[in-house]
Amino acid sequence: MRYWLMKSEPDDVSIDDLQALPAQTVPWYGVRNYQARNFMRDQMQVGDGVLFYHSGCAEPGVAGIARVASTAYPDETQFDPAHRYHDPKATRENPRWMHVDVAFVRKTRLLGLPELRRHPELENMRVLARGNRLSITPVEPAEWRFIVGQLLGASDLLD
DNA sequence: GCCAACGTTGGC
DNA sequence: GCCAACGTTGGC
């Protein structure tokens, strides 16, 4: 069991959008960075914890909790010439981009970026590292427990 | 294999 | 809209 922070632009898919989807599950399409792809392809397991992070918006920060709901499989958008995430070098025989499904668990209050930076317990979080642009970063178990404790209360730590 | 140019991310 | 940081591309 691992923990992850996954960024999404709320104009694209917000935590509310995820909650409103029929199966409350979304294929994590559009990742076009090899490190982020490799995390999904090589390390993610069904059930892993996900901090759902809003980026590229007025109030960036953790907006909810989700869960990895599948192992990795090819991202359909890479094959679609009309799609903004089309990759001309990808073929069905040789897909380049893989993703997992992510399922809604809980919407929380917004734990904003300034607040994340304020907690000494979180000073080593990958997502807070200078110059970090990765849209998917690992979260340490202690960081996960701290954040979930902040968001849900210590009595409700999920796992 | 180097590295300059370019594109993208994402906070502000 | 700006810009720092970083990843990718492609010429050599």
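Below, chains carry the letters A, B, ... as their sequence lines are ordered, and counting in each starts from 1.
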A:Phe79: ring-ring contact (aromatic ring centres under 6.0 Å, His included) partners, not counting sequence neighbours:
none
Considering only heavy atoms of chain A and a distance under 4.0 Å, specify the first and last nucleotide of DNA chain B in 5' to 3' order that meet this criterion.
B:dG7 to B:dC12
Identify, with sequence neighbours excluded, every residue that meets side-chain contact (heavy atoms from CB on, under 4.5 Å) alongside A:Glu140.
A:Glu143
What contact category does A:Gln35 fall into here, base, sugar-phosphate, or nothing, at under 4.0 angstrom with non-hydrogen atoms?
sugar-phosphate
Side chain to side chain donor-acceptor pair (under 3.5 Å) partners of residues 9-21 of chain A, not counting sequence neighbours, each pair once
A:Asp12-A:Tyr29, A:Ser14-A:Asp17, A:Asp16-A:Lys107
Just to verify, what does A:Ala36 make a side-chain contact (heavy atoms from CB on, under 4.5 Å) with, not counting sequence neighbours?
A:Val31, A:Asn33, A:Leu134, A:Ser135, A:Ile136
Check the side chains of A:Asp101 and A:Trp28 for a donor-acceptor pair under 3.5 angstrom, ignoring hydrogens and angles.
no
With nearest nucleotide decided by heavy atoms, which residue, A:Arg133 or A:Pro114, maps closer to the 5′ end of DNA chain B?
A:Arg133
For A:Val46, the rest of its hydrophobic cluster, which grows through side-chain links under 4.5 angstrom
none
In chain order, what residues pass the side-chain contact (heavy atoms from CB on, under 4.5 Å) check against A:Glu59, with sequence neighbours excluded?
A:Leu110
Could you list by number each residue of residues 48-59 of chain A showing a heavy-atom separation from DNA chain B of less than 4.0 Å, or answer none if no residue does?
A:Tyr53, A:Ser55, A:Gly56
What residues, two or more places apart in sequence or in another chain, satisfy side-chain contact (heavy atoms from CB on, under 4.5 Å) together with A:His119?
A:Glu115, A:Glu121, A:Leu122, A:Phe146, A:Gln150
